[in-house]
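Data block below; observations after.
Treat the numbers as computed from the prediction; the structure is a model and nothing was measured. Scope of the values below: all heavy atoms of this structure, side chains included, with no hydrogens, waters or symmetry mates. Residues take their numbers from the sequence shown, with the count starting at 1.
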Amino acid sequence: MKDKRKYIKWLLLLFIFIGGLLIQNMFNVKRNKEFPRTEKEDKVIGRIINLKIIKGTCYVELIDSKIRISSSQNYQYHSEYIQNNIFIGDSIVKKSGSDTIRIISGNKEYLFVHGKVINEHLRWKNH
């Protein structure tokens, strides 16, 4: 009888775990539809009015659109990850045909290449 209860507890925990994974996946699919991935041919210009960062991906809401930016790094900056250099109120510019993303924050400008690491030769200079 004890073995049966132990088996049922493990089975219940397994179902709860799988259910949690399915729910998380459902939210990820919904969020990725709501915030389309920025493609090279897309033109993006606007001020950031809302921002959510999940596992390095930036979900950016502009005044007239929503975009998703994959984790990007530029070792030219002390905080090399894009998610450490993007904030509500900043402006974002991406020209059509380019994968370069400019973030303008006050009088500073940060450049990133969508989903890529750049200036890696500077990796140890700024740290």
side-chain contact (heavy atoms from CB on, under 4.5 Å) between Asp42 and Ser96, worked out
CA-CA 5 Å; Asp42 295 335; Ser96 179; over 6 Å; no
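- One hydrophobic cluster, built from ILVMFWY side chains closer than 4.5 Å, holds both Ile103 and Ile88.
- Across all their heavy atoms, Thr100 and Val113 have their closest contact at OG1-CG2, 4.2 Å.
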Could you check Leu13 against Leu11 for side-chain contact (heavy atoms from CB on, under 4.5 Å), going step by step and ending with a plain yes or no?
CA-CA 5 Å; Leu13 283 173; Leu11 196 58; over 6 Å; no
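- Closest approach of Arg68 to Thr57, counting heavy atoms only: CG-CG2, 3.4 Å.
- Under a hydrophobic clustering in which Ile, Leu, Val, Met, Phe, Trp and Tyr are joined whenever their side-chain heavy atoms come within less than 4.5 Å, directly or via other members, Ile63 and Ile104 fall into different clusters.
- In this structure, CG in Asn84 is found 8.5 Å from OH in Tyr81, a value given to the nearest 0.5 Å.
- Put simply, CD on Gln83 and OG on Ser70 are 10.5 Å apart, with the number rounded to the nearest 0.5 Å.
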Check against side-chain contact (heavy atoms from CB on, under 4.5 Å), Gln73 and Ile118:
CA-CA 6 Å; Gln73 293 172 263; Ile118 58 173; over 6 Å; no
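- When all heavy atoms of Glu109 and Arg102 are compared, the pair lying nearest together is OE2-CD, 3.4 Å.
- Taking the charged nitrogens against the carboxylate oxygens, Asp99 and Lys116 do have a contact shorter than 4.0 Å, which makes a salt bridge.
- Considering Leu62, Val60, Val93 as possible partners of Val44, the one that fulfils the side-chain contact (heavy atoms from CB on, under 4.5 Å) test is Leu62.
- With values rounded to the nearest 0.5 angstrom, Lys9 atom NZ is found 14.5 Å from Lys4 atom NZ.
- Side-chain atoms of Ser72 come within 3.5 Å of backbone atoms of Gly115 as a donor-acceptor pair (strictly under, hydrogens ignored).
- In this structure the side chain of Ile54 never reaches within 4.5 angstrom of the side chain of Phe27, judged on heavy atoms.
- In this structure, Lys66 and Pro36 approach most closely via the heavy-atom pair O-CD, 3.3 Å.
- For Asn85, the side-chain contact (heavy atoms from CB on, under 4.5 Å) partners are Ser79, Tyr110, Phe112, not counting sequence neighbours.
- Note that the CD1 atom of Ile101 and the CD1 atom of Ile86 stand 8.0 Å from one another [nearest 0.5 Å].
- To the nearest 0.5 Å, the span separating CD1 on Ile45 from OG on Ser65 amounts to 10.5 Å.
- No cation-pi contact links Lys52 to Tyr59, judged by a cut-off of 6.0 Å to the six-membered ring centre and 45° from its axis.
- Between the OH atom of Tyr75 and the CD atom of Glu120 there is a distance of 6.0 Å, given to the nearest 0.5 Å.
- Between Ile82 and Asn74, every side-chain heavy-atom pair lies at or beyond the 4.5 Å cut-off.
- Phe35 and Leu51 fall into different hydrophobic clusters, defined by Ile, Leu, Val, Met, Phe, Trp and Tyr side-chain heavy atoms under 4.5 Å apart, directly or through other members.
- Checked by atom type and distance alone, the side chain of Lys6 never pairs as donor or acceptor with a backbone atom of Trp10 at under 3.5 Å.
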